[in-house]
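Written out below as structure tokens is the structure these notes cover.
Naming convention: chains lettered A, B, ... in sequence-line order (proteins, then strands); numbering from 1 in each chain.
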Number of protein chains: 2
Amino acid sequence: MKTSGKPTRERIIDAASKLFYGEGIRAVSVDAVAEKAGLTKRTLYYHFQSKDELIAAYLDGRDQPNLGLFQRWFDEAEGGIDQKIRMIFWQLAKSARHPRWKGCGYLRTAAELATMPGHPAIKTGIAHKKRVEAWLASAFAAEGVRSPELLARQIILLLDGCFAVVLLNRDPSYMETAGEAAATLVKAALA
Amino acid sequence: MKTSGKPTRERIIDAASKLFYGEGIRAVSVDAVAEKAGLTKRTLYYHFQSKDELIAAYLDGRDQPNLGLFQRWFDEAEGGIDQKIRMIFWQLAKSARHPRWKGCGYLRTAAELATMPGHPAIKTGIAHKKRVEAWLASAFAAEGVRSPELLARQIILLLDGCFAVVLLNRDPSYMETAGEAAATLVKAALA
DNA sequence: CGAAGTATACTGACTAGTGAGTGTAATTGG
DNA sequence: CCAATTACACTCACTAGTCAGTATACTTCG
């Protein structure tokens with residue numbers, strides 16, 4: 001009962017992605033994912049060895065799109081590097097106002113799997129954040145920032161900070177505050 | 001079989017606190033909490049109407065101690081206000097190096113209950129963060145910072161940011177980076 | 001050609017266990 | 001007496017993962 005042209009494995013990941021992000025990893029059963037994907041649980045287990053493997057695949061699939069979004073927001077912004085960074089936070093605030101927004105999938109997964117630091121999904125999350133950080137560092141280096149790696153780490157902290165804070169209090173204006181803070185740090189690093 | 005002088009309700013909250021913080025809310029069963037508290041599940045349900053109520057009580061019990069810790073670290077630090085703020089992050093880094101450290105209980109709970117923004121435990125979490133923020137704002141106001149509320153929000157973002165980041169990557173040095181960023185922001189707000 | 005074999009994709013029914021929360025009768029201790 | 005507590009059986013829903021098998025298409029070889 002293949003309802004789309006996509007390969008089954010991808011359809012499973014798509015279904016898992018929507019459910020895991022929308023409701024949380026522990027809250028979603030393998031049965032629910034299978035049903036959403038329009039196939040049997042047994043078929044799901046034909047493509048994935050375990051739920052843990054499926055969780056890792058879900059996060060893996062969000063790596064490139066998420067980074068790409070940041071890069072697009074940055075590239076398309078007008079003004080100096082502080083303005084470009086600020087724009088990322090503005091766009092984030094816009095996303096966070098969407099009713100289906102539920103924070104950062106990587107951070108929420110890390111919170112749910114806090115007792116399993118070696119879990120494949122956690123490793124995927126660490127790798128993703130490292131990629132974002134490395135991209136920021138290279139952008140700062142291109143602008144002649146004195147310690148681009150340090151500044152990139154600081155921006156990552158504000159980025160993940162606003163994800164965490166807004167997930168709790170549901171007030172996306174904190175993202176704009178984070179953007180101000182980020183711009184301040186960028187300017188301080190340039191001075 | 002009362003093993004300590006503490007009232008039963010408190011013993012339940014203590015047990016819940018250890019388990020919920022250590023393993024996560026969804027991962028811990030009511031049976032497990034009852035066993036840890038040394039009493040029957042039936043007795044637990046005599047004191048709490050539901051697991052949700054117990055979760056809220058757990059977070060409620062951490063509010064004052066957590067804030068108190070921050071205040072002590074701040075008060076006992078030497079130097080200007082930027083140094084005092086930095087000290088909070090240094091102390092946080094020290095805690096994060098403890099093997100039982102598992103991030104911020106409020107943020108992890110918010111992540112686990114992302115689909116229930118009105119949950120009593122979430123409300124407790126929001127109130128806690130607001131208290132910390134208000135305390136920071138009053139400390140900044142006393143130092144003549146121009147917009148103490150804004151700076152307090154920025155520091156909160158770095159605080160929760162390093163909780164989130166370090167929960168994921170288990171590298172407490174990010175807390176020291178956050179402390180540097182915080183000190184930079186404080187100095188910028190004083191200039 | 002055509003029969004046998006094989007790889008891939010898929011399925012419904014099932015196991016064995018866990019979850020929150022309840023009902024109830026009996027017990028303890030101030 | 002009364003509030004707190006226990007023992008424990010029980011409901012009902014859910015959960016990760018498995019068993020044994022089917023359908024289809026492609027290959028192999030006599």
Quickly, which of A:Glu180, A:Met87, A:Lys187 forms a side-chain contact (heavy atoms from CB on, under 4.5 Å) with A:Asp82? Name it, please.
-> A:Lys187
With a cut-off of 6.0 Å (strictly less than), are more than 12 heavy atoms of other residues, nucleotides or ligands near NZ of A:Lys130?
-> yes
Sort out for me which residue in B:Leu54, B:Ile13, B:Leu39, B:Ile12 forms a side-chain contact (heavy atoms from CB on, under 4.5 Å) with B:His47.
-> B:Ile12
Closest to the A:Leu39 side chain, choosing from C:dC10, C:dT11, D:dA16 = C:dT11
B:Phe48 CZ to D:dT5 C1', straight-line distance once rounded to whole Å = 15 Å
Base-contact (B) and sugar-phosphate-only (S) positions in nucleotides 22-28 of chain C, heavy-atom cut-off under 4.0 Å, - elsewhere | BBB----
When you look at NZ of A:Lys102, are more than 12 heavy atoms from neighbouring residues, nucleotides or ligands closer to it than 6.0 Å?
-> yes
Does NZ or CZ of B:Arg108 come closer than 6.0 Å to the centre of the six-membered ring of B:Tyr21, within 45° of the ring's axis?
-> yes
If only side-chain N and O atoms of B:Thr8 are considered, is one of them under 4.0 Å from the OP1 or OP2 phosphate oxygen of D:dT5?
-> yes
Going by an N to O cut-off under 4.0 Å, is there a salt bridge joining A:Glu23 and B:Arg26?
-> no
Look at A:Thr43 and C:dC10 and indicate whether a side-chain polar atom (N or O) is within less than 4.0 Å of OP1 or OP2.
-> no
Using atom CG of B:Asp52 as one end and atom P of C:dG19 as the other, report the distance to the nearest whole Å.
-> 16 Å
Indicate whether the side chain of B:Thr124 and that of B:Arg62 have a donor and an acceptor atom separated by less than 3.5 Å.
-> no
Any donor-acceptor pair under 3.5 Å linking the side chain of B:Gln91 with the backbone of B:Trp73?
-> no
Taking atom C1' of C:dT18 as reference, at what distance in whole Å does atom NZ of B:Lys51 sit?
-> 11 Å
Taking only the side-chain nitrogens and oxygens of A:His47, find out if one of them lies under 4.0 Å from OP1 or OP2 of C:dT8.
-> no
Between A:Tyr46 and C:dC10, is there a side-chain N or O to OP1/OP2 distance below 4.0 Å?
-> no
Let me know the distance between CZ of A:Arg11 and P of C:dA9, rounded to the nearest Å.
-> 12 Å
Proximity to DNA chain C (any heavy atom under 4.0 Å), residues of residues 18-35 of chain B only = B:Val28, B:Ser29, B:Val30, B:Asp31
Examine the side chains of B:Asp52 and B:Ser50 and answer whether a donor and an acceptor come within less than 3.5 Å of each other.
-> no
